[in-house]
Amino acid sequence: MEKVRIGIIGLGNMGTGHAKYLVNNEVKGAQLTAICEFRADRLEWAKENLGEGVQLFDNLDTFLASGTIDGVLIATPHYDHPEVAARAFEAGLHVLCEKPAGVYTKQVRQMNEAAQASGKVFSMMYNQRTNPLYKKLKDLVSSGELGEIRRTNWIITNWYRSQSYYDSGGWRATWAGEGGGVLINQDPHQLDLWQWTIDMMPKRVRAFCYFGKHRNIEVEDDVTAFVEYENGATGLFVTTTGEAPGTNRFELSGDRGKIVIEDGKLTFWRLRVSEREFNETFTGGFGQPECWKCEIPIEGQETGHKGITQNWVDAILHGTPLVAPGEEGIKGLMLSNAMLLSTWTDNWVDLPIDEELFEQHLQDKIKNSTVNKEAGFKTLVV
């Protein structure tokens, strides 16, 4: 195979963006050959803008069996991701899936099993993993520069959304349409980076989610979560769409200092000796380890969506290791599911979560929703 023939499923905002850079040949070794979309107006846009070499389909089964594609890029509504991916694997196709991996971990686990059984290349569109800031943070943690993790704090509140934003689509901020609010819509990248940069998942979560606190919506728009790790470390995750101006600050405290990412910069307050060693040897009254404030040089550029797509194509053609293996999509989703389940049960939630209990609560929310469930929820999955 000299080129990977790619078909895009879903031509909304994200699918359209992917189509543009693919049709412009901005990913080496990739060729956009097909689009699958049920909306006539989007198919008409594709016909006018993507050229005659791109075949158009309004039926998923016909698309998957067309023989025109080697892999699919899934950009459908959240609920569809796992089922569409599973059907693509069954058709012998490679898969690149937009975030989030799905809405609840039970369906994502089934998707992962289908991926493993197929032997095809499976990646998740976690484009923030290409950001040099977070790549450097992961390197500093994994190399031991920060020492053992003691605390993780992420305040990510610069997601301001007005009521008119939520009113712009009947599927927005609904249990039936999106499957949640700020956690499933705005925060998947942060939830992924939170665990990816430290290579560690919490052992349990206690969260307080507020539903429609700032806007007239039924899902969560304000969240504070506290987590505990197996090694005794703790963490805090704070997010909302109702604050202006907002904050985006990720702080890690370790045995050898503190790292902060904020305003596009990474700063490392490095201890000359570890806190543990200092405590064991210091004999004075007041005192603390000598500390150096280090401005860490960040090299490289964020390659974003194109970077992840290029990496997926390179993995198919050359066996290049994946930046964002698809099976890892369940980790960030596990965190958001745990936060909701903790709130719904008013209790601590151990990880991995009780997947059946979460799905039961989610289905109850959908059943008891006052939102018109017929408004804008049509999907490709039949």
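- Ring pair F250/W154 is parallel by interplanar angle, where below 30° counts as parallel and above 60° as perpendicular.
- Looking at heavy atoms from C-beta onward, M334 lies in side-chain contact with I353 at the 4.5 angstrom threshold.
- W175 pairs with exactly one of Y104, Y79, W344 by the ring-ring contact (aromatic ring centres under 6.0 Å, His included) rule, that one being W344.
- Cluster membership for V238 and I156, using ILVMFWY side-chain heavy atoms within less than 4.5 angstrom, is not shared.
- One distance of note links CD of Q190 with OG1 of T197; it measures 11.0 Å at 0.5 Å rounding.
- Looking at heavy atoms from C-beta onward, L335 lies in side-chain contact with L351 at the 4.5 angstrom threshold.
- Note on V260: it does not cluster hydrophobically with I296, by side-chain heavy-atom contacts below 4.5 Å among ILVMFWY residues.
- In this structure, R172 is positioned above the aromatic face of Y165, its NZ or CZ under 6.0 Å from the six-membered ring centre and within 45° of the axis.
- A distance of 10.5 Å separates CG of D167 from CZ of R215, quoted to the nearest 0.5 Å.
- Salt bridge absent: R42 and E37 never bring a charged side-chain N and a carboxylate O closer than 4.0 Å.
- A distance-only check finds no donor-acceptor pair linking the side chain of D263 to the backbone of K265 [under 3.5 Å].
- In the model, W159 has no side-chain atom that pairs as donor or acceptor with a side-chain atom of N185 under 3.5 Å.
- Note: the hydrophobic cluster containing F89 also contains I330 (ILVMFWY, side chain heavy atoms under 4.5 Å, direct or indirect links).
- Ring geometry for F237 against W194 counts as parallel: the plane angle stays under 30°, on a 0 to 90° scale with 60° as the upper cut.
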Evaluate D192 against K331 for salt bridge (charged side-chain N to carboxylate O under 4.0 Å, His left out), listing each step before the verdict. CA-CA 7 Å; D192 174 61; K331 295 182 179 180; over 6 Å; no

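- For the pair K138 and W196, the cation-pi test (distance below 6.0 Å, angle within 45°) is passed.
- For the pair K135/D139, no side-chain contact is recorded, criterion being any heavy-atom separation below 4.5 Å from C-beta on.
- Within the structure, the salt bridge (charged side-chain N to carboxylate O under 4.0 Å, His left out) test picks out the following pairs touching residues 288-297 (sequence neighbours left out): R272-E290.
- Atom-to-atom distance recorded for L271:CG and F278:CZ is 9.5 Å, nearest 0.5 angstrom.
- In summary, R256 and E145 do not engage in a salt bridge, as defined by a charged side-chain N under 4.0 Å from a carboxylate O.
- Not a single donor-acceptor pair under 3.5 Å links the side chain of N24 to the backbone N or O of E26.
- Atom CG of residue L183 and atom CD of residue E220 lie 4.5 Å apart, to the nearest 0.5 angstrom.
- Rounding to the nearest 0.5 angstrom, the gap separating the CG atom in L191 from the CG atom in L333 is 9.0 Å.
- Tracing side-chain contacts under 4.5 Å through hydrophobic residues (I, L, V, M, F, W, Y), one reaches L340 starting from I366; they form part of the same cluster.
- For D41, the CG atom sits in a packed shell: over 12 heavy atoms of surrounding residues, nucleotides or ligands are nearer than 6.0 Å.
- Within a 6.0 Å radius of CG in D199, other residues, nucleotides and ligands contribute 12 heavy atoms or fewer.
- Here the side chains of Y229 and T152 are in contact, with some heavy-atom distance below 4.5 Å.
- For the pair L266/L140, a side-chain contact is recorded, criterion being any heavy-atom separation below 4.5 Å from C-beta on.
- Below 30°, between 30° and 60°, or above 60°: for H81 and H78 the angle between ring planes is above 60°, a perpendicular geometry.
- E83 and R87 are joined by a salt bridge, as a carboxylate oxygen and a charged side-chain nitrogen come within less than 4.0 angstrom of each other.
- Using a distance-only test at 3.5 Å, with no hydrogens or angles considered, no donor-acceptor pair links the side chain of Q110 to the main chain of P82.
- Residues V4 and I69 do not share a hydrophobic cluster, clusters being chains of Ile/Leu/Val/Met/Phe/Trp/Tyr side chains in contact below 4.5 Å.
- Within the model, atoms CD of Q310 and CG of D314 stand 4.5 Å from one another, a figure rounded to the nearest 0.5 Å.
- Ion pairing of R5 with D70 is present here, as a side-chain N (NZ or NE/NH1/NH2) and a carboxylate O approach within less than 4.0 Å.
- Between R129 and Y134, every side-chain heavy-atom pair lies at or beyond the 4.5 Å cut-off.
- Under a 3.5 Å cut-off, the side chain of N311 and the backbone N or O of P321 do form a donor-acceptor pair.
- Across all their heavy atoms, T343 and A207 have their closest contact at OG1-O, 3.3 Å.
- The backbone N or O of K258 lies less than 3.5 Å from no partner atom in the side chain of E251, so there is not a single donor-acceptor pair.
- Across every non-hydrogen atom of W312 and I6, the tightest pair is CZ3-CD1, 3.8 Å.
- There is a side-chain donor-acceptor pair under 3.5 Å between S369 and E218.
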Would you please test Q55 and T33 for side chain to side chain contact (heavy atoms under 4.5 Å, CB included) and show each step? CA-CA 6 Å; Q55 296 191 36; T33 57; over 6 Å; no

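- Checking side-chain atoms of S123 against main-chain N and O of L96 turns up no donor-acceptor pair under 3.5 Å.
- Contact of the Q186 side chain with the T239 side chain is not registered, since no non-hydrogen atoms from C-beta on lie closer than 4.5 Å.
- A donor-acceptor distance shorter than 3.5 angstrom exists from the side chain of S342 to the backbone of N347, with no hydrogens or angles considered.
- Taking 4.5 Å as the limit, some side-chain heavy atom of P132 sits within range of a side-chain heavy atom of E302.
- Summarising the geometry of D255 relative to S274, their closest heavy-atom pair is OD2-CB, 3.1 Å, with the distance given to 0.1 Å.
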